[in-house]
Every structure is written in structure tokens, then in C-alpha cells.
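Presented below is the structure to which this report refers.
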Amino acid sequence: MKSVRTRFAPSPTGYLHVGNVRAALFPWLIAQQAGGTFVLRIEDTDQAREVSGAIDVMRETLQWLGMEWDEGPDKPGDFGPYVQSERRTLYLKWAQRMADEGLAYADIRTPDELKALREDAKSKKQAFLARNYRPDQPQTWQPGMPLRFKSTPQTYAWNDAIMGELSAGPEAVDDFILIKSDQFPTYNFAHIIDDHEMNITHVIRGLEYIASMPKYLNLYDALGFDWPVFGHAPHIMAPDGKKKLSKRDGAKGILQYRDDGFLPAAMLNFLASLGWNDGTEQEIFSRSELIEKFSLDRVQRSGARFDEQRLLWMNGTWIRRLSTSELYDLTDKPAFWPQGIPSEYDNSSYKTEVLALIQERLKFFAEIPSLTTYFFRDLPIDSTLISTHKQLKKFTPEELTTMLRQTQANLVKSDFSAVDLQGRLNDLLQETGQKPAVLFSLIRIATTQAAASPGLAGTLAVIGKERSLQRISAQIDALAA
RNA sequence: GGUCCCUUCGUCUAGUGGUUAGGACAUCAGGUUCUCAUCCUGAAGAUCGCGGGUUCGAAUCCCGCAGGGAUCACCA
């Protein structure tokens with residue numbers, strides 16, 4: 001049995017979004033599972049569409065997700081080079097052989113002529129087949145001439161590891177361009193040569209290639225190549241419509257999720273479980289569980305819509321599984337923290353205390369600033385927090401002031417440990433005769449100027465004695481004004 | 001239009017002849033001495049696209065239809 005070799009073969013035309021990476025995820029999982037090899041190959045045969053820098057972005061994306069490749073442009077193996085533009089002599093060699101053996105012919109028709117033929121067929125409501133227009137006396141193929149495959153129409157039935165049994169009649173088999181007039185091969189030709197030369201055992205890609213399968217199969221047969229295992233994955237659809245997810249409709253690049261503070265583990269989990277499950281009710285899969293349990297035959301055959309809510313939920317559950325020190329390390333970037341943190345609070349031990357409090361309400365790291373500003377600086381008094389509070393608005397400023405003074409008097413004696421604070425807050429409920437909903441809300445607003453915060457005792461402990469008491473004083477002053 | 005594929009709660013899905021059609025996200029309600037969140041409990045939510053068959057019995061098998069998608073390049 002041959003060792004498993006899979007590949008991800010993107011063309012460098014832009015960043016990778018959620019829809020694209022699945023074409024890399026599945027073959028990567030298959031290779032990992034089998035202890036095989038995952039190859040990264042760059043398909044840059046269309047010079048016109050190439051976007052500079054795209055290759056680096058793709059590499060960065062795969063690396064962030066932990067989908068390391070074993071062979072690729074920067075990881076020489078026995079089957080290089082791994083960039084198609086550097087393999088041109090190879091394609092030309094095969095092309096020459098096919099021309100010599102009569103398996104392909106020079107097609108010197110201009111694009112305009114071809115277009116006219118297509119339109120003519122269309123007006124007659126017939127399918128256009130290039131093989132119906134083969135030249136009677138083809139010229140000898142020479143550099144600069146397009147080379148077209150001479151197909152052998154027949155019915156094909158094959159098995160797709162994801163889609164199951166597929167078949168198509170001879171009308172799906174046609175002549176197609178192998179070598180373009182710029183002497184570059186087409187995808188249709190190059191990928192088959194490469195997969196063969198690189199001993200690829202599993203070709204896993206998006207379902208847009210299914211329609212071309214009969215043509216490819218015909219070429220494999222003409223060349224005498226064995227068929228690899230094929231697996232065509234359905235597209236991920238846009239959240240609203242039924243269209244395939246695309247950049248045009250605002251699909252974000254995977255790297256953008258990284259920059260917003262999503263975890264690779266969550267992204268991997270989300271990507272895999274969109275359209276795949278192991279048959280149990282498990283939803284959360286670690287990377288190693290995915291590798292162990294993934295199988296192509298359990299991939300859904302219909303397209304799944306991209307649901308960002310689910311990603312958010314998953315990321316939250318992965319964040320909650322982190323230890324506080326892991327969480328600190330992962331969030332240790334300026335973009336994830338409020339601007340201009342005073343130096344006395346800009347240290348790992350203080351920030352870790354803050355993180356411990358907000359960990360369970362975090363969905364992604366970029367929302368840390370909005371959740372934590374009051375831990376780092378005093379915010380201006382917002383009188384609407386009290387005036388719109390459904391419990392507090394019923395009290396007069398004097399009554400509120402009295403409660404705050406009682407709070408001050410008690411807390412000034414505290415060592416501000418969370419445990420001590422909790423005890424004193426409970427005592428204050430007795431002293432003031434108020435419900436938690438009233439007293440705690442008041443103290444929270446006074447000390448954070450925020451509508452929501454983590455548990456009061458823990459929050460006060462982190463804010464500290466000096467600032468807490470000061471902020472309560474400031475609130476009392478504002479109430480008097 | 002030709003060819004090929006798909007169709008179970010709003011969304012992602014389990015399900016392969018007999019189930020009260022199960023779970024998850026989202027939503028709503030209650031609970032966890034306060035808010036937000038977490039967690040727990042519960043509710044609502046699917047005439048299994050439609051119409052015919054086969055069968056004692058069909059989401060599951062067969063046929064037809066409809067809707068959706070992919071593809072018909074010297075793009076990948």
C-alpha cells in the first residue's frame with residue numbers, strides 16, 4: 001500500500017478565507033491521520049491573476065492554524081520544485097510527448113474564432129464541444145501554439161470519497177487546452193501532471209471541479225496514469241443567501257480572525273465541524289481528536305452556511321479552557337489591551353488578575369479593551385447609569401449618598417482581599433437594609449462607571465483600596481452637585 | 001439551455017424501514033445572594049422540499065416534479 005500523500009494547491013490570487021481553507025484542512029487531516037505527507041504546491045500558471053504577497057499570506061494562514069506542510073516551496077522534498085511556474089519544462093516535455101503520440105493537437109484558432117463558434121452553438125441551443133471542431137490537417141505543434149487535448153468520449157463512473165458514486169456521459173468529455181499560447185500549462189493539465197509526478201494519492205478540493213472530472217479522467221487514461229482517490233467538498237455558503245462564501249460578499253480572511261483574537265484551535269474546530277461530524281453528539285474537537293476522528297465519508301454533501309455566531313461560541317469555549325497564564329501569553333499584544341495603560345498597571349501580574357475576572361465572558365481578545373478600561377483608568381462620572389437604572393432611579397441623591405458613605409466607612413477597614421470584601425459587602429446589606437440589586441449596583445457604578453462588570457468583590461479587589469474609595473468619593477461629590 | 005450534484009427545527013446537523021424525529025448554535029423563561037457573562041434547568045422551534053408509488057409500516061427504498069447549487073475559458 002502506497003503511503004498517503006495529499007496536497008493543498010492554491011493559486012496565489014489573494015488571502016484565504018473560511019471557505020478556502022477547508023480545501024487545505026481536509027487533505028491535511030487525511031495526511032495526519034495516515035501518518036502521510038502533506039504537500040503545499042503553488043499553482044501560478046495564470047500570470048495575469050497573480051497577486052504579489054499572496055503566497056506569504058497563505059503560508060502564514062496555514063502556519064497559524066498549525067497546518068504544517070511536509071513539502072513545499074520552502075521545504076524541499078524529493079518531488080520539487082513546488083511552484084508550477086518553475087516546472088514548465090516538465091509540462092512541455094509531457095506536452096511534446098502527447099503531441100508526438102497524437103494525443104493532442106495544435107489549435108491555432110484565435111480566441112475570437114472560438115468565441116464565434118461557441119456563440120453559434122449557443123444560438124442553435126446546442127452544447128459547444130471543441131472536439132467537433134478539430135482541424136482536419138493539424139499543424140505540427142511548435143512553441144507559441146496552444147496545444148489541445150484530443151479526448152476520447154466515453155461514459156465515466158467513479159467514486160468520490162465525499163460525494164459517493166458519480167457518473168457522467170460522453171458529452172462531458174471534451175478537448176481542452178493543455179498548453180496556452182504563452183507556453184504555460186493550464187490548470188487542467190498541470191495539476192494532473194504534478195499530482196502524478198508527486199505521487200499524490202488523494203486529490204481533495206472544492207466541488208467546482210466535479211464537472212470537469214470526466215475530462216480529467218479521460219486525460220489520466222490517455223496518459224496511462226492511475227486515478228488517485230478523489231474527494232470534492234461542498235462550498236461554505238454565505239450567511240444570508242445561498243451563494244458560495246466569497247471575498248466579494250465580505251468574507252473575512254482567516255488572518256483577520258487571528259488579529260481579532262480568535263484561537264487556532266477554535267477556528268480548526270469550527271472549520272471541521274461545519275459540514276462534518278463524527279456521528280456522536282460531540283461538538284468540541286481538539287486538533288488531535290480531529291485528526292483521529294475525521295473521515296471524508298462523513299462530510300456533508302450539501303453546502304453549509306457560514307455561521308459566525310457559532311464561531312463566536314466555539315471560540316468562547318476554547319478561551320475558557322485556557323489557564324490564566326496561557327490566556328495572558330496569548331493576549332500579550334498591544335492591540336488586545338486598552339490604549340495608554342499607566343505603567344503601574346502595565347505588567348503581567350496585574351493584567352493576569354484582570355484576565356482571570358473576565359475570562360468567562362470573553363468571546364475574542366479584541367473585546368478585552370471594552371471590558372476592562374475601568375481597571376486601568378478612572379472614567380468620568382456617568383450620571384445616566386443611575387438615572388436609568390431600574391432599581392436606583394427610585395432613590396433620592398441623599399439616600400444614595402448615605403449608602404455610599406456607609407460603604408466607605410466599612411471598606412476603609414478592609415484589606416481588599418476578595419474574601420474580606422465579600423464578607424464586608426454582605427455585612428453592608430445588613431447595615432443598609434438594602435437588597436443586593438440596589439447596593440451592589442450602586443457600588444459597581446460608583447467604582448467602575450460601567451453598566452456591567454464581573455462579580456463585585458473580585459472587581460473591587462483588583463481595582464484596589466485606594467482607587468475604589470476615591471471613586472466612591474467622586475460619585476458622592478457628583479451626587480451632591 | 002446541456003451536464004452533474006444537493007434538499008431534516010432560523011442555522012449546523014443525528015438519523016440507512018418501526019424513534020414522542022435526537023443534539024448543538026441562536027431565541028425565550030427560571031435558577032446560581034447584584035449587573036454582564038459562565039454554568040444548570042426548562043420552553044418554543046422540523047406536516048423530514050412537493051406528488052406519486054413499494055410496504056402491515058417510509059425522513060429512510062423507487063419514480064416524477066419543484067427549488068437551490070456547481071460547471072460549460074488559452075481561470076484556477
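Numbered from 1 within each chain, the chains take letters A, B, ... in sequence-line order. The structure presented is a predicted model; accordingly, all values stated were derived computationally and were not measured.
Residues of residues 448-463 of chain A having a heavy atom closer than 4.0 Å to RNA chain B, listed by number: Ala451(A), Ala452(A), Ser453(A), Pro454(A), Gly455(A), Leu456(A).
Checked against A26(B), G69(B), C6(B), the side chain of Ser302(A) finds its nearest nucleotide in C6(B). Nearest nucleotide to the side chain of Gln422(A), out of C25(B), U38(B), U33(B): U33(B). The side chain of Met163(A) approaches C5(B) more closely than any other nucleotide in the set C5(B), U7(B), A26(B).
For Phe294(A) and Phe285(A), the distance between ring centers is not under 6.0 angstrom. Ring centroid separation for the pair Phe270(A) and Tyr257(A) does not come in under the 6.0 Å cut-off. When ring centroids are compared, Trp158(A) and Tyr220(A) stay outside the 6.0 Å threshold. Aromatic rings of His191(A) and Tyr216(A) (six-membered ring for Trp) have centroids within the 6.0 Å cut-off, being under it.
Straight-line distance between the C1' atoms of C65(B) and G18(B): roughly 29 Å, to the nearest whole Å. Taking the P atoms as reference points, A73(B) lies 46 Å from A58(B), given to the whole Å. Going from the P atom of U27(B) to that of G1(B) covers 41 Å, rounded to whole Å. Going from the P atom of U8(B) to that of C50(B) covers 11 Å, rounded to whole Å. Spacing of C1' atoms, A46(B) relative to U20(B), comes out at 14 Å, to the nearest Å.
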Contact letters for nucleotides 71-76 of chain B, in which S counts primed atoms plus P, OP1 and OP2 and B counts the base, heavy atoms under 4.0 Å
S-SBBB

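Shortest non-hydrogen contact noted between Gly72(A) and Tyr82(A) is O-CD1, 3.4 Å.
Residue Thr13(A) is out of contact with every strand shown, counting any heavy-atom pair closer than 4.0 Å. Within the 4.0 angstrom heavy-atom criterion, no nucleotide atom of any strand lies near Asp174(A). No engagement by Lys435(A) is indicated, since no non-hydrogen atom pair under 4.0 Å with the nucleic acid exists. At a threshold of 4.0 angstrom between heavy atoms, the contacts of Leu166(A) are confined to the sugar-phosphate backbone, with no base atom among them.
For the pair Arg310(A) and U13(B), the criterion of a side-chain N or O lying under 4.0 Å from OP1 or OP2 is not met.
In this structure Asp420(A) satisfies the salt bridge (charged side-chain N to carboxylate O under 4.0 Å, His left out) test together with Arg424(A), sequence neighbours excluded.
Mapping Asp307(A) and Ser441(A) onto RNA chain B by nearest heavy atom places Asp307(A) closer to the 5' end of the strand. When each of Ala172(A) and Ala304(A) is assigned the nucleotide of RNA chain B with its nearest heavy atom, Ala172(A) is the one assigned upstream, toward the 5' end.
Sorted by first and then second residue, the side-chain hydrogen bond (donor to acceptor under 3.5 Å, both in side chains) pairs involving residues 7-16 of chain A (not counting sequence neighbours) are Arg7(A)-Asp195(A). Pairs passing the salt bridge (Lys or Arg N to Asp or Glu O under 4.0 Å) check and including a residue from residues 307-317 of chain A, sequence neighbours excluded, read Lys252(A)-Glu308(A), Glu283(A)-Arg310(A).
The 12-atom threshold is not exceeded at NZ of Lys435(A), counting heavy atoms of other residues, nucleotides or ligands nearer than 6.0 Å. Within 6.0 Å of CD1 in Ile108(A) there are 12 or fewer heavy atoms belonging to other residues, nucleotides or ligands.
Put simply, the residue from Arg320(A), Arg321(A), Gln359(A) that forms a side-chain contact (heavy atoms from CB on, under 4.5 Å) with Leu327(A) is Gln359(A).
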Would you tabulate the nitrogen or oxygen pairs shorter than 3.5 Å linking the protein to nucleotides 14-16 of chain B?
residue	atom	partner	partner atom	Å
A14(B)	OP1	Asn277(A)	ND2	2.9
A14(B)	OP1	Gln300(A)	OE1	3.4
A14(B)	OP2	Gln300(A)	NE2	3.3
G15(B)	OP1	Arg298(A)	NH1	3.2
G15(B)	OP1	Arg298(A)	NH2	3.2

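For Arg301(A) and C5(B), a side-chain-to-base donor-acceptor distance below 3.5 Å is absent, hydrogens and geometry of angles not being considered.
Side-chain contact check for Gln47(A) and Asp182(A): no donor-acceptor pair (N or O, by modelled atom type) lies under 3.5 Å.
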